[in-house]
Student: 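Here it is, the structure, as structure tokens.
This chain uses plain numbering: 1 for the first residue, then up along the sequence. These figures come from a predicted structure and were not determined experimentally.
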Amino acid sequence: MKRSITLIVAVLLGMALNAQVSVWDGTSEPWTNGEGTEESPYLIENASQLAYMTYAEPDLAYYKLMTDIDIDNREWNPIGFVGEGTTGGNLVNVCFDGNNHTIYHLTTTLFFWVSEGYVKNLTIRDSDMVQQHGSNYFGGVANIAALVENCHNYGNLIIDYDDELPTENWFVGGIVGEGMVRNCDNHGRITVNVGPSVSFLYVGGVVGIAYEVETSFNKGEMAIESQSEHCYVGGICGKLENRVSYCYNNVDLLVESEGACVGGIVGMLSAYPGESATINSCYNAGNMEGTTVGGIVAKLQNDNMTVNAENNFYINTIASGNEYGTPQSESEMRTPEFVDVLNNGEDVYMMDDGNVNNGYPVFSGKGISSVDETLAVGMMDVYPNPSGDIVNISLAGDAVCNSVEIYSVDGRMAMSLRGGSGTINVSGLSSGVYVMKVRMADGSEFTERIVKE
């Protein structure tokens with residue numbers, strides 16, 4: 001049976017996907033190229049150099065990832081964490097550009113605490129990330145980060161504690177536990193199971209607690225079981241302290257917790273008395289269960305705060321406990337008229353013509369640097385995968401393939417051929433995992449992992 005593969009049209013994103021993958025052997029080694037400046041960043045050219053970032057100097061420096069990384073499910077020490085009880089060693093000041101590369105098979109979060117700088121242009125895949133190191137913040141890219149931009153998580157996050165925990169308040173997000181977020185998306189499953197020692201639990205599809213979130217979305221399932229007296233879950237943010245704009249959630253939020261507050265976009269909206277928080281041009285297409293339910297916002301932290309909630313919508317099957325959004329039917333939310341209303345004069349959303357979001361609006365990609373699923377087109381089938389001696393490639397429509405290259409996971413080219421729409425004999429390859437890089441006649445490039453049995 002064919003396995004349909006959704007692929008990213010790389011040329012439309014202005015990026016080149018590198019087919020080479022560096023597999024981590026558990027060691028660390030210093031980087032050798034670059035000066036750590038914005039003009040000449042340190043070049044991270046293999047997995048061992050990525051691991052060495054934990055020992056980065058405290059002064060702000062710039063880094064650029066030059067290859068895909070496979071952590072190989074080895075125990076990963078989050079960058080910046082150098083041990084329990086250390087002084088000044090559990091944070092890093094970095095400007096880290098993932099350069100549109102991917103990190104595979106992480107066992108826990110990538111960064112412990114990015115105190116100053118940013119993490120951007122990075123994808124996490126094929127990972128089951130377990131919370132550890134005693135931190136009460138947890139995210140797929142970082143536990144805490146000043147800014148996370150254009151990052152995409154397809155890995156699963158797991159917190160499972162029945163015993164006493166070292167802190168009362170927890171913040172969990174598919175991208176980051178705490179931070180400012182722009183142009184990010186989460187697709188991974190978030191599983192949280194905690195006992196009564198956690199007094200306050202905040203879980204967001206994208207971020208646990210945020211000051212600002214924009215042009216981001218969540219499609220990751222949540223499985224939340226908590227004995228916490230105060231449990232706040234949001235499709236985008238567990239807790240928001242300032243502003244969220246142009247974001248959407250398209251997954252059901254089902255929380256098993258007595259007293260849980262569940263919001264389609266925000267669980268807890270926070271501001272000091274007399275101050276304000278803003279939510280604009282967001283929508284929620286997921287249903288939810290909880291003690292207190294809000295189609296957009298579940299609960300306000302202060303009754304005296306001002307809420308600027310404009311142009312927000314939620315599916316009308318939700319019995320929302322407040323009026324911070326407008327209910328819409330499924331059919332209404334799948335129309336060009338709804339897209340126009342959401343955009344509110346901007347050019348952020350567009351129709352889901354490729355049916356990658358169940359017909360609900362998706363980001364147009366115009367003026368946004370994120371990898372958006374409207375640009376993910378079912379251009380090619382690769383089958384069977386895993387394969388024996390033969391791999392078949394079939395292209396959609398009038399697409400034309402110029403060349404196919406197959407690399408081993410250590411970056412060595414194993415095969416190269418012109419064309420490639422048809423049958424490829426891989427009987428000469430040893431059993432294992434390979435990366436197939438396909439170049440199309442229109443200049444676009446795709447990568448896909450294949451397994452040779």
Side-chain angles (χ1 to χ4, degrees), residues 1-8 10 16-29 44-51 65-76 100-108 110 122-130 152-156 158 187-189 376 378-396 401-440 445-453:
M1 178 182 293
K2 294 184 179 181
R3 185 170 72 90
S4 296
I5 300 173
T6 301
L7 298 156
I8 303 299
L17 297 176
N18 190 333
Q20 297 187 8
V21 180
S22 174
V23 180
W24 192 41
D25 62 3
T27 64
S28 63
E29 65 180 48
I44 306 301
E45 298 174 296
N46 57 55
S48 295
Q49 290 180 352
L50 182 70
L65 188 61
M66 303 305 293
T67 186
D68 290 356
I69 301 290
D70 188 343
I71 300 301
D72 200 27
N73 289 316
R74 294 178 180 270
E75 184 177 352
W76 177 253
N100 296 309
H101 285 291
T102 299
I103 296 180
Y104 301 92
H105 301 126
L106 271 169
T107 56
T108 192
L110 180 64
L122 185 69
T123 298
I124 307 294
R125 288 188 180 273
D126 302 338
S127 299
D128 289 323
M129 295 172 280
V130 180
H152 323 283
N153 177 45
Y154 292 79
N156 301 316
I158 303 166
H187 306 254
R189 180 182 176 87
M379 294 287 293
M380 180 172 68
D381 284 343
V382 176
Y383 61 96
N385 192 12
S387 67
D389 293 338
I390 298 297
V391 174
N392 298 298
I393 300 178
S394 64
L395 303 178
C401 174
N402 271 355
S403 66
V404 176
E405 297 172 351
I406 299 177
Y407 292 83
S408 60
V409 291
D410 61 3
R412 292 177 295 180
M413 185 182 292
M415 290 184 63
S416 177
L417 62 154
R418 302 291 297 175
S421 179
T423 299
I424 301 175
N425 189 331
V426 294
S427 60
L429 301 181
S430 301
S431 298
V433 179
Y434 295 85
V435 177
M436 176 184 291
K437 185 172 185 177
V438 181
R439 291 188 176 92
M440 309 299 287
E445 296 181 356
F446 307 129
T447 61
E448 173 64 19
R449 282 194 167 201
I450 61 173
V451 178
K452 169 66 165 57
E453 294 181 330

Student: Measure the spacing between CH2 of Trp76 and CD1 of Ile71 and express it to the nearest 0.5 Å.
Tutor: 4.5 Å
Student: For a 4.5 angstrom cut-off between non-hydrogen side-chain atoms, does Leu429 reach Ile406?
Tutor: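 Contact flag for Leu429/Ile406 side chains = yes.
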Student: Short question: side chain of Trp24, backbone of Asp72 - any donor-acceptor pair under 3.5 Å?
Tutor: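 Pair absent, no side-chain N/O of Trp24 close to backbone of Asp72.
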Student: Hey, could you give me the CG/CD distance between Leu65 and Gln49, rounded to the nearest 0.5 Å?
Tutor: 10.0 Å
Student: Looking at Thr67 and Glu45, would you say the former's side chain and the latter's main chain have a donor-acceptor pair under 3.5 Å?
Tutor: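 No; judged by distance alone, with no hydrogens or angles, the pair does not exist.
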Student: Can you list the residues that meet the side-chain hydrogen bond (donor to acceptor under 3.5 Å, both in side chains) rule with Thr27, with sequence neighbours excluded?
Tutor: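 So Thr27 forms a side-chain hydrogen bond (donor to acceptor under 3.5 Å, both in side chains) with Asp25, Ser48.
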Student: Give me the atom names and distance for the closest heavy-atom approach of Leu106 to Met129.
Tutor: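 That would be O-CG, 3.8 Å.
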Student: Can any side-chain N or O of Thr107 pair as donor or acceptor with the backbone N or O of Asn73 at less than 3.5 Å?
Tutor: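 No, because the side chain of Thr107 does not come within donor-acceptor range (under 3.5 Å) of the backbone of Asn73.
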Student: How many angstroms lie between OG1 in Thr102 and CD1 in Ile69, if you round to the nearest 0.5 Å?
Tutor: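 Interatomic distance, Thr102 OG1 to Ile69 CD1, rounded to 0.5 Å: 10.5 Å.
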Student: Once you round to the nearest 0.5 Å, how far does CG of Asn392 lie from CD1 of Ile424?
Tutor: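 The distance works out to 8.5 Å.
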Student: Look at the rings of Tyr154 and His187 and say which category their plane angle falls in: under 30° parallel, 30 to 60° tilted, over 60° perpendicular.
Tutor: parallel
Student: Taking side-chain contact (heavy atoms from CB on, under 4.5 Å) as the definition, give me every residue that meets it alongside Ile158, ordered by chain and number, with sequence neighbours left out.
Tutor: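 For Ile158 the side-chain contact (heavy atoms from CB on, under 4.5 Å) partners, ignoring immediate neighbours, are Asp128, Val130.
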Student: Hey, what do you get for NE2 (His101) to CE (Met66), rounding to the nearest 0.5 Å?
Tutor: 6.0 Å
Student: I'd like to check the side-chain contact (heavy atoms from CB on, under 4.5 Å) partners of Ser427; sequence neighbours left out, ordered by chain and number.
Tutor: Asp389, Asn425
Student: Testing Asp126, Thr123, Asp68, Ile124 one by one against Ile103 for a side-chain contact (heavy atoms from CB on, under 4.5 Å), which residue passes?
Tutor: Ile124
Student: Mark yes or no for whether Ser22, through its side chain, and Asn46, through its backbone, hold a donor-acceptor pair below 3.5 Å.
Tutor: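 A pair under 3.5 Å: no.
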Student: Keeping Ser127 on the side-chain end and Gly155 on the backbone end, is there a donor-acceptor pair under 3.5 Å?
Tutor: no
